[in-house]
Amino acid sequence: MEFYLFNEDYYLEKGAFKLDFIISALELFHHGGWVMYPLLACSILVVAIGIERFIYYKRTCGDNKDMAQQILALAKERNWQETEKVCANNRCFVSDVLAIGLKYRECPMSMKESFEEYISVRANGLKRNLNYLDTIVTMAPLLGLLGTVVGMISSFKVLDVAGDNPALITGGVGEALIATATGLCVAVLALIVHSYFSNCLDSVLTDVENVCTVVISKARGK
């Protein structure tokens with residue numbers, strides 16, 4: 001019975017703590033001013049883009065490493081029929097690029113041009129929405145700074161009214177700085193997501209280009 005009561009009190013205290021935290025967060029959001037709403041929209045957009053890009057990369061590039069190894073092994077043996085079969089049965093970024101280029105294996109120059117054109121087209125899909133993250137990285141701190149400047153202007157307007165009570169002014173300045181802190185947090189989050197997927201993009205393109213180089217070399221008989 002005592003154990004049950006102890007657990008009940010624990011969960012009540014935990015629930016009260018969560019409620020206090022939510023209320024405090026809402027108060028901070030309110031004190032940050034109107035600029036907190038576009039910053040909230042930016043943070044939601046960053047999370048949405050991160051989830052969408054993760055799913056896209058997982059679906060289109062998840063098997064790239066394994067496929068690259070299989071295709072390289074087959075290309076070294078110049079087993080083109082088996083290579084085409086593997087590419088047709090396993091859809092990913094590498095296999096799609098190779099499937100297009102292998103149609104021109106009798107002409108290595110045409111194969112190379114086909115690889116370059118298709119990689120360029122598919123790379124646009126991998127880059128999609130990353131430019132928005134780049135924009136948010138720049139824009140979020142500026143929005144936060146704007147909110148802080150507007151808040152400080154409003155705070156110093158009470159200078160004549162405050163008289164000998166500087167706490168009113170310093171409190172207003174402290175609240176105004178919430179916008180800058182929020183803007184920096186959103187920018188850092190956007191930068192992390194952008195850097196992660198930029199590295200993923202570079203890795204995918206490097207793997208594809210390496211495989212294509214080997215395939216072209218073997219098609220030339222080298």
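This is a predicted model, so every value here is computed, not measured. Values reported hereafter were calculated over all heavy atoms of this structure, with side chains retained and with hydrogens, waters and symmetry mates removed.
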The test is side chain to side chain contact (heavy atoms under 4.5 Å, CB included); show your working for Leu40 and Ser43 and say whether it passes. CA-CA 5 Å; Leu40 176 62; Ser43 63; 3.9 Å; yes
Candidate pair Val150 and Val35, rule side chain to side chain contact (heavy atoms under 4.5 Å, CB included), full reasoning: CA-CA 9 Å; Val150 172; Val35 78; over 6 Å; no
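Here salt bridge (charged side-chain N to carboxylate O under 4.0 Å, His left out) pairs that include residues 115-130, with residues two or more places apart or in two chains, are Asp96-Arg122. The side chain to side chain donor-acceptor pair (under 3.5 Å) contacts involving residues 179-188 comprise Thr148-Thr180, where partners must be two or more places apart or lie in separate chains.
Linking Ile, Leu, Val, Met, Phe, Trp and Tyr residues whenever their side-chain heavy atoms come within less than 4.5 Å places Ile51 and Ile136 in a single cluster. If you chain together hydrophobic residues whose side chains sit under 4.5 Å apart, Ile100 and Ile216 fall into the same group. Residues Val94 and Leu201 are members of one and the same hydrophobic cluster, defined by side-chain heavy-atom contacts under 4.5 angstrom among Ile, Leu, Val, Met, Phe, Trp and Tyr. Cluster annotation: Val193 and Val137 are assigned to distinct hydrophobic clusters (Ile/Leu/Val/Met/Phe/Trp/Tyr, side-chain heavy-atom contacts under 4.5 Å, transitive). The cluster map of Ile, Leu, Val, Met, Phe, Trp and Tyr, joined by side-chain heavy atoms under 4.5 Å apart, puts Val47 and Phe54 in the same cluster.
The NE2 atom of His194 lies 8.0 Å from the CG atom of Asn131; values are rounded to the nearest 0.5 Å. Note that CG of Leu145 is 9.0 Å distant from CG of Leu184, once rounded to the nearest 0.5 Å. Separation of atoms OG (Ser95) and CD (Glu84) is listed at 12.5 Å; rounding is to 0.5 Å. In this structure, the separation between CG on Asp207 and CG on Leu72 is 9.5 Å, given to the nearest 0.5 Å. Note that CG of Leu191 and OG of Ser195 are 4.0 Å apart. Values are rounded to the nearest 0.5 Å.
By the 4.5 Å heavy-atom criterion applied to side chains, Leu130 and Asp134 are not counted as neighbours. In this structure, the side chains of Leu98 and Val211 come closer than 4.5 Å at one or more pairs of heavy atoms. Contact check for Leu205 versus Phe93: side-chain heavy atoms found under the 4.5 Å cut-off.
The main-chain N or O of Tyr56 is found under 3.5 Å from a side-chain atom of Thr60 such that the two form a donor-acceptor pair. Side chain of Thr206 to backbone of Asp202: a donor-acceptor contact under 3.5 angstrom is found. Listed for the Arg53 side chain is a donor-acceptor partner under 3.5 Å among the backbone atoms of Leu126.
Taking every heavy atom of both residues into account, Phe197 and Tyr57 meet most closely at O-OH, 3.7 Å. What you find for Ala140 and Ala187 is that their closest heavy atoms are CB-N, 3.9 Å. Of all heavy-atom pairs between Cys42 and Met139, the closest is SG-CE, 3.5 Å. Across all their heavy atoms, Cys212 and Ile119 have their closest contact at SG-CD1, 4.1 Å.
The local environment of OH in Tyr132 is sparse, with at most 12 non-hydrogen atoms from other residues, nucleotides or ligands closer than 6.0 Å. Counting heavy-atom neighbours within 6.0 Å of Tyr196 OH, excluding the residue itself, gives a total of 12 or less.
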